[in-house]
Amino acid sequence: MKLLFIHADRLSFEARKPALRSAPPLAPEEAKGEANEALVVFYSVEAGDVPDLPLVVDRTLAEVENVLGQVKAERVVLYPYAHLSQNLAPPNEAQKAGELLKAGAPARLKVPIVSAPFGYYKAFELKAKGHPLAELSRSVVGVASAGAAPGVSLVNKPSKGAPGSAPPAKAPPMQESEALTREKKLVSQWFVLTPEAKLVPVTEYDFTKDPEFGAFYRYETQGTRQAGEEPPHVRLMRELELVDYEPASDAGNFRWYPKGQLIKRLLQEQCSEVIRRAGGMRVETPIMYDYEHPALKRYLDRFPARQYVLRSEDKDYFLRFAACFGQYMIFHDMVMGRKDLPARLYELTHYSFRREQTGELSGLRRLRTFTMPDMHTLVADYAQAKHEFLEQFQLCQRWMADLGVPYNAAVRFVRGFYDENPDFVQALAKANGRPMLVEMWEDRFFYFVTKMEFHPLDTQGRAAALSTVQIDVENGERFGIQYTDSDGKRKHPLILHASIPGAIERNLYAILENEAKKMAKGQKGAFPFWLSPVQVRVLPVSDPFVEPCLKLASEIESRTGARVDVDDRDEGIGRKIRDAEREWVPLILVYGEKEAGGAKLQVRVRDGPALSLSAPELFEEVGRRQGDKPRAPLGLPTRLNLRPIFRG
RNA sequence: GCCGCCAUAGCUCAGUCGGUAGAGCGGCUGAUUUGUAAUCAGCAGGUCGGGAGUUCGAUCCUCCCUGGCGGCUCCA
């Protein structure tokens, strides 16, 4: 059986005249038909199907069911279409198959079924949707003709450009990998893993105890139902002069103003420091790679991402979507023994590139160009992999705490790995300390056997992965990475993939969305102190105090390393306070005659009551808030009066 | 990538039933020297996102493009 699926906005057909002498006569209502929001299934019954007709029909319905589950069409049209095969079954057999399909479809598919008549020349009009699943073809065979691998096989990738739709896109080569299509067929089961390592099917879990967790589960499995608005972080990122769109670039490529760039840099430095302390060896690898490199070609087929393509002379390169490949190439050439493992390579990839579909891009949540701290850890065996995984899991937990953003944890398992490693599952459940969403795959479709993610929920109940750690069982061998074990034999290591923070830009998205949630509840938005672009602002009450304020600012700066500025504009104090609050400055000092005369400093504290502090007490307070986090200068004029505005 | 909506001053937006435009904020100048969320006045800012079409005439109507948002799809 050959199948062609079209997810259609609209289909109408009309039988014109019989194509076969055996064609059954048609009632007028059978001759014409139309359907909106339909999954149109064109089918050709083939000679090889005849011995196993019921089985082939059953498998066909399974395929239709599978595709229907993914595209969520409202009805199915069964459309006999002989032109899909060179090797057709005899018409009477094909007709029989059609009857069987029609008979079995309603119960199996649970949506209205429309059937086009068999054995007639038909005129039809079709408007196909353009999403990647809208057009698929499949081939289904029975036992007799299947040989060693019976069942369903995927024949080709979704095609671009359909009858009646726009002309084919200028698709760069390999835009859609085999892994992408593969992923679309993936079926999984969902559970909750309790801190006591009990695995509860989601259908039996009481999500009412934890609404955030329930919202996360619903989002992961069903997507959001809420009427969406522009995500609030977009307004905030612009109002706070952090990040903005850049219309002169491609979609999903942003400009970063000084304050935003500072936050980004601090996140990067903190991440790199965390990883350095954890033993990561920092490297740098190229951002573009040769499509034709043999190792790479195979790898691309396993990685579900769309790439930017760069044409140079007569060669095509793609821009990296992660640091994996570059680090594998380094690992490949390294000389390692058992004692050298775990071996960790780390790169802060600014940038990684993924040509996400335009409709998927949304503010800082999903970009086409992003900064991804990427660490790969070679380990000798599963014992080491599990130990290292748990260590990195804890690094992720600490990262999220530093960010101050709540999250939900998800972990994905291949069934075999889950069953064979109860110790690991238990340790992970305990380390997480809260219920954790589990996706269980019966078979391994990807390169990893397990993978964890931390997902903050945004204002609209959408989840986005930040931290992630994975155990890769495939690429050590694929890339010929080897170490010499203590028995003198050369072996392929397992590889852990980790991004402790996830994409840096997405961290800012998570912070801003979380603050927007707070603001909606009437609380003040704020950055963690270490990420505040301006940490302390000094407000002179009037002109004569500008000089002493500048002096105080530079003293705070030299004593604490904090970023301090002075609002020396010709404005009233009320206005200066208002502006400082609107910029989320955590500590605001008003400085006038009293302070100049030696009185204690009046400190307006964003997240608490005002303080009255001496200068040394202030230094201590600032130092306490800063902790051991990275410091960096603001990189803007200290005096607000001399500071340009990047966005009105 | 598909469907829908949107694009007017640096920003947020109003407006023109088709006759080339306004406000607030911000900026500049001047006055003001201020004690915990907006000091006052004056001035300067616009090919009404880009291209094509219809029209005597298009910011307004139509089509295409670009960018944004929402939904779908997607999301190691």
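Bear in mind that the values here come from a model prediction, so they are computed numbers and not experimental data. Here is the naming used below: chain letters follow the sequence lines, and residue numbers restart at 1 for every chain.
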* Structure fact -> Winner on side-chain proximity to A/A251, out of B/G27, B/G68, B/U32, is B/G68
* Any idea if B/G45 is syn or anti, going by the 90°-from-0 cut? -> syn
* To do: Report yes if a side-chain nitrogen or oxygen of A/R462 is closer than 4.0 Å to either non-bridging phosphate oxygen (OP1 or OP2) of B/G70; otherwise report no.
  => yes
* Asked: B/C69 phosphate, OP1 or OP2: any side-chain N/O from A/Y245 under 4.0 angstrom?
  -> yes
* Say you pick atom C1' in B/C56 and the same atom in B/C65; how far apart are they, in whole Å? -> 28 Å
* Between A/R366 and B/C69, is there a side-chain N or O to OP1/OP2 distance below 4.0 Å? -> no
* Asked: Does the pair A/K576/A/E571 count as a salt bridge with the N-to-O cut at 4.0 Å?
  -> no
* To do: Could you give the distance separating B/G71 and B/U55 at their C1' atoms, to the nearest angstrom?
  => 37 Å
* Structure fact -> Side-chain atoms of A/V541 come closest, of B/G70, B/A37, B/U34, to B/U34
* Asked: What interatomic distance, in whole Å, is found between P of B/U12 and the corresponding atom of B/G70?
  -> 16 Å
* Is A/R606 salt-bridged to A/E581, cutoff N-O under 4.0 Å? -> yes
* Separation of the C1' atoms in B/G26 and B/C11, to the nearest angstrom -> 7 Å
* Salt bridge present between A/E356 and A/R368 (N-O < 4.0 angstrom) -> no
* Matching residue for A/H497 among A/F389, A/Y447, A/F325 - test: ring-ring contact (aromatic ring centres under 6.0 Å, His included) -> A/Y447
* From A/D565 atom CG to A/E583 atom CD, the distance as rounded to the nearest 0.5 Å -> 7.0 Å
* **Residue whose nearest RNA chain B nucleotide is more 5′ - A/I577 or A/A464** => A/I577
* Asked: A/R238 has an atom CZ; how far is it from atom C1' of B/G68, in whole Å?
  -> 9 Å
* Interatomic distance where CZ belongs to A/R368 and P belongs to B/C75 [whole Å] -> 16 Å
* Closest to the A/D543 side chain: B/U33, B/G67, B/A38? -> B/U33
* Classify the nucleic acid contact of A/E571 as base, sugar-phosphate or nothing, counting any heavy atom under 4.0 Å across all strands shown. => base
* Between the side-chain atoms of A/R582 and the base atoms of B/A38, is any donor-acceptor pair under 3.5 Å? -> no
* Structure fact -> Regarding the side chain of A/R575, the nearest nucleotide among B/A38, B/A31, B/G70 is B/A38
* To do: Classify the angle between the aromatic ring planes of A/Y328 and A/F479 as parallel (below 30°), tilted (30 to 60°) or perpendicular (above 60°).
  => tilted
* Checking all strands, does A/E230 fall into the base, sugar-phosphate, or nothing category for heavy-atom contacts under 4.0 angstrom? -> sugar-phosphate
* Report the nucleotide, chosen from B/G68, B/A37, B/U33, that has the shortest atom-to-atom distance to any side-chain atom of A/S542. => B/U33
* Describe the nucleic acid contact of A/K576 in one word from base, sugar-phosphate, nothing, applying a heavy-atom distance below 4.0 Å. => nothing
* **Candidates B/U33, B/G35, B/C75 - which lies nearest the side chain of A/Y219** => B/C75
* Asked: If we take the P atom in both B/G68 and B/U29, what is their distance in whole Å?
  -> 36 Å
* **Close aromatic pair by centroid cut-off 6.0 Å: A/H455 and A/Y407** => no
* Write down the distance separating the C1' atoms in B/A14 and B/A21, rounded off to the nearest Å. => 10 Å
* To do: When you get a sec, tell me which of B/A38, B/U36, B/G70 is the closest nucleotide to the side chain of A/R578?
  => B/A38
* To do: Let me know the distance between CZ of A/R412 and C1' of B/C75, rounded to the nearest Å.
  => 10 Å
* Counting N and O atoms only, with roles assigned by atom type, does the side chain of A/R354 sit under 3.5 Å from a partner on the main chain of A/F321, one being a donor and the other an acceptor? -> yes
* To do: Provide the distance between the two C1' atoms, one in B/A41 and one in B/G35, to the nearest whole Å.
  => 25 Å
* To do: Take the protein atom CD1 of A/I573 and the nucleotide atom P of B/U34, then report the distance between them rounded to whole Å.
  => 12 Å
* **SB check A/R365 A/E513 (cutoff 4.0 Å)** => no
* Sugar-phosphate only, base, or nothing, as touched by A/Q602 at under 4.0 Å among non-hydrogen atoms -> base
* Whole-Å distance between B/G70 P and A/E360 CD? -> 13 Å
* Asked: Using a cut-off of 4.0 Å on non-hydrogen atoms, how would the nucleic acid contact of A/D472 be classed: base, sugar-phosphate, or nothing?
  -> nothing
* Distance, rounded to the nearest Å, where A/M519 contributes CE and B/A37 contributes C1' -> 14 Å
* Note every stem involving RNA chain B: at least three consecutive Watson-Crick or G-U wobble pairs, i with j then i+1 with j-1, with both distances under 3.5 Å. => B:1-7 with B:66-72, B:10-13 with B:22-25, B:27-31 with B:39-43, B:49-53 with B:61-65
* Structure fact -> When rounded to whole Å, the CG to P distance for the pair A/D567 and B/U39 reads 12 Å
* Report yes or no: does A/R444 contribute a side-chain atom to a donor-acceptor pair with the main-chain N or O of A/F446 at less than 3.5 Å? => yes
* Ignoring the backbone of A/P231, work out which of B/G35, B/G1, B/G70 is nearest its side chain. => B/G70
* With P as the reference atom in both, quote the distance from B/C25 to B/C63 in angstrom, rounded to an integer. => 39 Å
* Structure fact -> Closest to the 5' end of RNA chain B, once A/N253 and A/M372 are matched to their nearest nucleotides, is A/N253
* Asked: Is A/G359 touching bases, backbone alone, or none of the nucleic acid, heavy atoms closer than 4.0 Å?
  -> base
* Asked: Are the charged groups of A/E453 and A/K451 less than 4.0 angstrom apart, N to O?
  -> yes
* Structure fact -> The nucleotide from B/G1, B/G71, B/U33 with an atom nearest the side chain of A/Q357 is B/G1
* To do: Would you kindly give the CZ-to-C1' distance between A/R606 and B/U36, to the nearest whole Å?
  => 14 Å
* To do: Between protein and nucleotides 43-52 of chain B, map the contacts as a letter string: B base, S sugar-phosphate only, - none, heavy atoms under 4.0 Å, written 5' to 3'.
  => ----------
* Report yes if a donor N or O on one partner sits less than 3.5 Å from an acceptor N or O on the other, where the partners are the side chain of A/E595 and the base of B/G35; otherwise report no. => yes
* With A/D374 via side-chain hydrogen bond (donor to acceptor under 3.5 Å, both in side chains) - residues at least two apart -> none
* Can you figure out which of B/A37, B/G71, B/G1 approaches the side chain of A/R355 most closely? => B/G1
* Structure fact -> In terms of heavy-atom contacts, A/G252 and A/L361 come closest through N-CD1, 4.0 Å
